[in-house]
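Counting starts at 1 for both ligands and their atoms, in listed order.
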Amino acid sequence: MKIALVTGGTRGIGGGISRALSESGYFVAANYNKDIDTAKKFHEETGIPIFSWDVSDYDSCIKGVEEICNTLGGDVDVLVNNAGITKDGMLHKMDPIDWHRVIATNLTSVFNMCRVVIPAMREKRFGRIINLSSVNGLKGQVGQTNYSAAKAGILGFTKSLALESASKGITVNAIAPGYISTDMTDAIRDDIKEKIIDGIPVGRFGKVDEIANAVLYLSGEEASYVTGTTLSINGGQYL
Ligand code: NDP
């Protein structure tokens with residue numbers, strides 16, 4: 001059985017991805033950061049083991065992956081870099097701390113996690129890496145210079161690592177979701193939400209499972225010829 005590691009994998013989109021992978025027969029390890037109550041509840045409901053560390057910190061990533069490999073008895077076959085945060089604000093008012101925190105959590109984390117798992121994948125000549133970008137990394141968004149920069153950065157990173165890894169049986173792809181109903185989008189004001197929905201051809205926010213199903217496809221053997229690509233799942237928003 002293959003081992004899958006999902007960062008931010010205990011709630012929201014990551015929670016859905018962890019459940020879908022587990023139901024499809026993967027040994028899943030779900031990482032989270034600080035929300036231990038939600039993580040414990042997720043573990044009780046699903047039986048999926050949970051591991052807490054901050055993915056923006058390289059040394060913590062080394063320790064976290066080591067613990068997972070020891071607990072599950074093997075190396076990571078599928079890495080889903082899903083953990084992410086927003087700290088929105090207009091650039092002319094943005095606190096540099098909010099710039100650095102968003103870049104570290106959303107982009108540097110992807111380097112950290114890939115750097116830690118990829119040597120074993122190269123040795124095994126198999127790996128699947130799926131990075132969560134965003135529609136706002138493709139088109140930009142008011143108040144999200146930090147978030148859009150991180151999510152656009154993920155796309156360049158994905159393409160470059162795909163090129164480096166193609167001959168080793170490792171695929172590296174990105175998913176760029178539109179607006180998906182989770183805690184992250186629950187935080188958007190209702191009047192702004194309505195405006196956003198007006199701009200989505202399908203006429204609603206997406207569902208967590210609609211992202212999780214794409215991860216299942218990209219994780220599988222059948223996607224071995226798909227690498228370096230970005231899959232937009234956004235209800236038809238024109239880019
Ligand atoms: P949520 O806010 O619902 O969940 C975020 C998850 O990331 C939580 O599990 C959280 O852990 C974890 N996390 C945050 N910071 C860290 C950290 N430093 N180390 C480890 N884990 C961390 O987010 P969503 O489910 O909405 O989003 C998931 C991904 O999809 C993100 O990358 C997001 O940018 C992207 N995305 C989301 C969209 C949406 O509409 N929801 C649209 C486009 C992209 P904890 O539970 O401990 O806080």
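Between I180 and ligand 1, an N or O atom pair is found at a separation short of 3.5 Å. An N or O contact shorter than 3.5 Å is missing between S134 and ligand 1 by distance.
Of the heavy atoms in D54, both backbone and side-chain atoms come closer than 4.0 Å to ligand 1. With a 4.0 Å cut-off on non-hydrogen atoms, V135 does not touch ligand 1 at all.
Closest heavy-atom approach to atom 44 (C) of ligand 1 within the set A39, S133, G12: this belongs to S133. When the heavy-atom distances from atom 41 (N) of ligand 1 to I211, N136, I233, T182 are ranked, the shortest goes to T182.
Looking only at side-chain heavy atoms (C-beta outward), Y26 and M1 stay at 4.5 Å or farther from each other. V65 has its side chain within reach of L5: a pair of non-hydrogen atoms, C-beta onward, lies under 4.5 Å apart. Considering only heavy atoms from C-beta on, N81 comes within 4.5 Å of C114 through its side chain. For the pair E194 and I197, the minimum side-chain heavy-atom distance is 4.5 Å or more.
Note that OG of S134 is 7.0 Å distant from CD of Q144, once rounded to the nearest 0.5 Å. The CG atom of D57 sits 8.0 Å away from atom NZ of K63, with the distance rounded to the nearest 0.5 Å.
Of the charged side-chain nitrogens involved, at least one lies within less than 4.0 Å of a carboxylate oxygen, so that D35 and R11 count as a salt-bridged pair. The existence of a salt bridge linking E123 and K168 is excluded, since no basic side-chain nitrogen approaches an acidic carboxylate oxygen closer than 4.0 Å. Taking the charged nitrogens against the carboxylate oxygens, K207 and D209 have no contact shorter than 4.0 Å, which rules out a salt bridge. Ion pairing of D95 with K87 is absent here, as no side-chain N (NZ or NE/NH1/NH2) approaches a carboxylate O to less than 4.0 Å. Between E210 and R204 there is a salt bridge, with a side-chain nitrogen of the basic residue lying less than 4.0 Å from a carboxylate oxygen of the acidic one.
Interface of N82 with ligand 1, defined as ligand atoms under 4.0 Å from a residue heavy atom, comprises 28 (C), 29 (C), 30 (O), 31 (C), 32 (O). Those atoms of ligand 1 with a heavy atom of Y179 less than 4.0 angstrom away are 40 (O). Of all atoms in ligand 1, numbered sequentially from 1 with element shown, those under 4.0 Å from a heavy atom of T185 are 39 (C), 40 (O), 41 (N). If you number the atoms of ligand 1 from 1 as listed, the ones under 4.0 Å from a heavy atom of N31 come out as 20 (C), 21 (N). Taking every heavy atom of I85 and a limit of under 4.0 angstrom, the matching atoms of ligand 1 come to 14 (C), 15 (N). For ligand 1, the atoms sitting less than 4.0 Å from at least one non-hydrogen atom of W53 are 19 (N), 20 (C), numbered in the order shown with element in parentheses. Which parts of ligand 1 touch T105 is read off a 4.0 Å heavy-atom cut-off, strictly below it: atoms 15 (N), 16 (C), 18 (N). Within ligand 1, the atoms closer than 4.0 Å to a non-hydrogen atom of D35 are 45 (P), 46 (O), 47 (O), 48 (O), numbered from 1 in the order shown.
Scanning all protein heavy atoms for the shortest distance to atom 42 (C) of ligand 1 gives G178 O, 3.0 Å. What sits closest to atom 13 (N) of ligand 1 on the protein, heavy atoms only, is A83 CB, 3.8 Å. Here the protein heavy atom with the shortest distance to atom 27 (O) of ligand 1 is I13 CD1, 4.0 Å. Residue, atom and distance of the protein heavy atom nearest to atom 34 (O) of ligand 1 are Y147 OH, 2.5 Å. Atom 16 (C) of ligand 1 has its closest protein heavy atom at N33 CB, 3.6 Å. Looking only at heavy atoms of the protein, atom 5 (C) of ligand 1 is closest to G84 O, 3.8 Å. For atom 48 (O) of ligand 1, the closest non-hydrogen atom on the protein side is R11 NH2, 2.9 Å. Considering only non-hydrogen protein atoms, atom 43 (C) of ligand 1 sits nearest to P177 O, 3.4 Å.
Taking the ring centre of F126 as origin, the terminal cationic atom of K2 falls inside the region bounded by 6.0 Å and 45° from the ring axis.
One side chain, T158 or N131, offers a donor N or O that lies under 3.5 Å from an acceptor on the other.
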